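Here is the structure we will look at, set down as structure tokens.
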Amino acid sequence: MVFWSCLFFLWLRVLLANAGEWIATMPESVVGLSGSCVVIPCTFSYPANGRTYTGFTGIWYTENYESKVYHTDTSEISDSFKGRTSLIGDLHQNDCSLKISSLSSSDTGPFMFRIEIKDLDKYTYVNNKVSITVKDTPENPTVSVEEEVTSGTPVTATCAVSHSCPSDLPRVTWSHDGTQPSPSQPHLTSYNLTFTPSREDHNKHLNCSAEFKGKTVTGYKTLKVKYPPYNVNVVTRVSVKENDSVELTCSSNSYPPANSYQWFSSNVMLLGSKRIYKLERVSRYTEAISCTAINTVGKNTSAPRKLNILYPPEIKSESSCQSKILTMCVCIVDSNPPGEVKWFGPDSSKAFSSTSIKQNESLTIFTLQGWLGFPETIQCFANNSLGNSSITLKAPQNGILYIAVASAVVVVLVCIVVCVVRRCCGNRAAQQPVMRNEQTQMKTIQNKSDLENKEEEGSYRDIYTDCSDTRVYDNMRCDEKPLSSDRALEDEAVYANT
């Protein structure tokens with residue numbers, strides 16, 4: 001754009017020069033920031049009549065020639081502008097642009113340009129005057145970006161900062177990360193940002209801030225980011241009774257909003273393409289259900305939603321009683337919400353409490369254990385807030401247990417008898433050795449006397465061979481067995497005493 005502007009001014013200058021007219025081109029007003037600088041763009045033409053002139057003197061005045069804002073001879077410049085003005089244009093190129101630095105509120109103008117050409121003429125362009133609007137704060141930047149962008153697709157935004165001093169450019173920052181090339185224009189500076197938006201950027205501001213010597217202004221644009229559905233969920237009532245109907249809603253977050261839906265049960269597509277799906281006569285065996293939300297950008301599917309179906313207790317046929325060491329009855333109850341169980345014997349007025357309870361999803365296992373006196377039949381009664389159910393179980397009597405108890409009693413009685421016998425035998429054993437020693441001594445004396453009588457009669461050998469007398473020293477009869485070694489040692493002791 002700058003190139004075409006320069007080309008246009010050059011063409012205009014040549015055209016006007018050939019026409020032989022005194023014409024200047026400049027804006028009627030410019031805006032400058034207090035304390036900064038301002039540039040007044042200016043071009044001029046003169047009647048050259050085919051000749052070439054090299055002696056140019058450029059002068060800028062305030063209105064009515066009150067002050068010399070700029071002069072080629074700097075000594076001619078008024079004190080209020082001295083050191084603050086410069087001609088940045090080349091008069092030989094018909095460029096009369098003026099720069100005023102350290103702008104103050106008194107530098108409002110209007111200003112006009114005068115050209116003095118050696119060997120030609122002098123001319124003041126009184127019909128072309130420019131005023132300066134001095135502002136204490138800069139103008140807000142203007143942010144431009146596409147009306148709608150797509151998540152994951154790069155896009156370029158532009159921040160236009162109005163500024164009158166190209167030598168004192170502002171520092172521009174963006175609120176979003178991205179690539180920032182250099183500004184493309186010197187006066188109306190444009191700063192570009194290339195970034196990749198995401199769904200988190202939707203309805204958020206894309207800010208562009210410009211800082212001018214401690215003064216910061218900000219412009220923004222609200223982003224509209226298109227993205228596929230996410231956070232898709234099946235929404236329904238917390239609980240539903242078995243055999244009732246229930247409505248399911250497919251909830252999602254997307255831009256633009258989802259315009260089509262699909263419903264699935266165990267990966268099998270159900271009939272229904274609307275956001276709300278009605279499920280008739282649900283049961284405890286109803287499979288988990290999921291939905292897919294679709295918009296113009298894409299689609300996404302929810303996690304399977306298992307419905308919470310409420311139903312009264314159902315006692316499973318696997319419930320039974322068995323007896324081993326003790327009797328144990330198990331009652332398996334399927335219910336939602338979980339039920340409670342009471343046990344009753346033949347006397348229904350007396351209830352038993354379960355000895356253990358185990359929960360496995362909708363199944364609850366109740367166990368009752370007992371020893372002697374367990375009833376022959378036991379009733380399991382289950383109930384929850386929706387109803388109740390019961391079953392009567394037969395408890396087999398444990399004959400092994402009775403035998404075991406009887407055997408234990410016999411063993412105890414035998415132990416008692418053994419202890420009594422041992423105690424009595426111990427008392428007799430303590431008295432027996434004394435009586436035996438006395439009998440043995442008497443018998444030994446008698447046998448010795450008989451032996452002496454036999455020797456006198458000359459029949460020693462017959463006596464020795466006689467069975468009964470031969471065992472005298474052993475105190476044994478002929479029909480007795482030999483004594484043990486302990487008994488023999490005992491007899492020897494008696495012999496020694498004799």
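Computed over heavy atoms, backbone and side chain alike; hydrogens, waters and symmetry mates excluded. Values in this document were obtained by computation on a predicted structure and should not be read as measured data. Sequential numbering from 1 along the given sequence is applied to the chain's residues.
For residues 290-340, the set of pairs meeting the ring pair (Phe, Tyr, Trp, His ring centres under 6.0 Å) definition, not counting sequence neighbours, is empty.
In this structure, Pro346 and Thr377 approach most closely via the heavy-atom pair CD-O, 3.7 Å. When all heavy atoms are compared, the tightest approach of Ala157 to Leu206 is CB-CD2, 3.6 Å. Nearest heavy-atom pair, Cys331 versus Trp343, reported as atom, atom and distance to 0.1 Å: CB-CH2, 3.5 Å. Smallest separation of non-hydrogen atoms from Ser80 and Arg84: O-NH2, 2.9 Å. Here the closest non-hydrogen pair linking Val134 and Ser104 is CG2-O, 3.3 Å. Across all their heavy atoms, Ser385 and Pro337 have their closest contact at OG-CG, 3.8 Å.
Taking 4.5 Å as the limit, some side-chain heavy atom of Trp263 sits within range of a side-chain heavy atom of Cys250. Side-chain atoms of Phe56 and Cys96, non-hydrogen and from C-beta on, never get closer than 4.5 Å to each other. The closest side-chain heavy-atom distance from Lys122 to Arg114 is below 4.5 Å. Using a 4.5 Å cut-off on side-chain heavy atoms (C-beta onward), Tyr53 and Tyr46 make contact. Contact check for Cys321 versus Pro396: side-chain heavy atoms found under the 4.5 Å cut-off. A heavy-atom distance below 4.5 Å is not found between the side chains of Ser45 and Trp22. Residues Thr249 and Arg275 form a side-chain contact, since some pair of their non-hydrogen atoms from C-beta on lies under 4.5 Å apart. At least one side-chain heavy atom of Met112 sits less than 4.5 Å from a side-chain heavy atom of Tyr61.
Note: Tyr220 and His205 have parallel aromatic rings, judged against thresholds of 30 and 60 degrees for the angle between ring planes. A tilted orientation is assigned to the rings of Phe195 and His176, their planes being inclined by 30° to 60°.
Distance OG1/Thr137 to NZ/Lys215: 7.0 Å, rounded to 0.5 Å. One distance of note links CG of Leu87 with NE2 of His71; it measures 11.5 Å at 0.5 Å rounding. Rounded to the nearest 0.5 Å, atoms OG1 (Thr62) and CH2 (Trp60) are 12.0 Å apart. Residue Thr327 holds its OG1 atom at 11.0 Å from CD of Glu376, rounded to the nearest 0.5 Å.
Partner Tyr227 forms a side chain to side chain donor-acceptor pair (under 3.5 Å) with one of Asp201, Asn253, Thr150 and no other, that one being Asn253.
Remark: aromatic rings of Phe44 and Phe113 are close, center separation under 6.0 Å.
No more than 12 heavy atoms of other residues, nucleotides or ligands lie within 6.0 Å of CD in Glu147, so this atom counts as exposed by the packing criterion. Annotation for Lys204: atom NZ does not count as buried by contact number, only 12 or fewer foreign heavy atoms lying within 6.0 Å. Enclosure of atom NZ in Lys224 by more than 12 non-hydrogen atoms of other residues, nucleotides or ligands within 6.0 angstrom is indicated. In this structure, Asn203 places its CG atom where more than 12 heavy-atom neighbours from other residues, nucleotides or ligands lie under 6.0 Å away.
In this model, a donor atom of one side chain and an acceptor atom of the other lie less than 3.5 Å apart for Thr194 and Thr156. Between the side chains of Ser239 and Asn308, at least one donor N or O sits under 3.5 Å from an acceptor N or O. Side-chain atoms of Glu242 and Ser283 form no donor-acceptor pair, as typed in the model, at a separation below 3.5 Å. Side-chain contact, Asp95 with Thr43: no donor N or O sits under 3.5 Å from an acceptor N or O. Counting only N and O atoms by type, the side chains of Ser251 and Asn233 include no donor and acceptor under 3.5 Å apart.
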Using the rule given for disulfide (SG to SG under 2.5 Å), can you reason through Cys329 versus Cys380, listing the C-alpha separation, both sets of side-chain angles and the distance that settles it, and then say yes or no? CA-CA 9 Å; Cys329 292; Cys380 171; over 6 Å; no

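Salt bridge annotation for Glu211-Arg171: present, with a cationic side-chain nitrogen under 4.0 angstrom from a carboxylate oxygen. Lys342 and Glu340 are not joined by a salt bridge, as no carboxylate oxygen comes within less than 4.0 angstrom of a charged side-chain nitrogen. Salt-bridge formation is detected for the pair Asp79/Lys82: a Lys NZ or Arg NE/NH1/NH2 atom is positioned less than 4.0 Å from an Asp or Glu carboxylate oxygen.
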Name each donor-acceptor pair under 3.5 Å that joins a side chain in residues 27-34 to protein atoms two or more places apart or in another chain, with its distance.
none

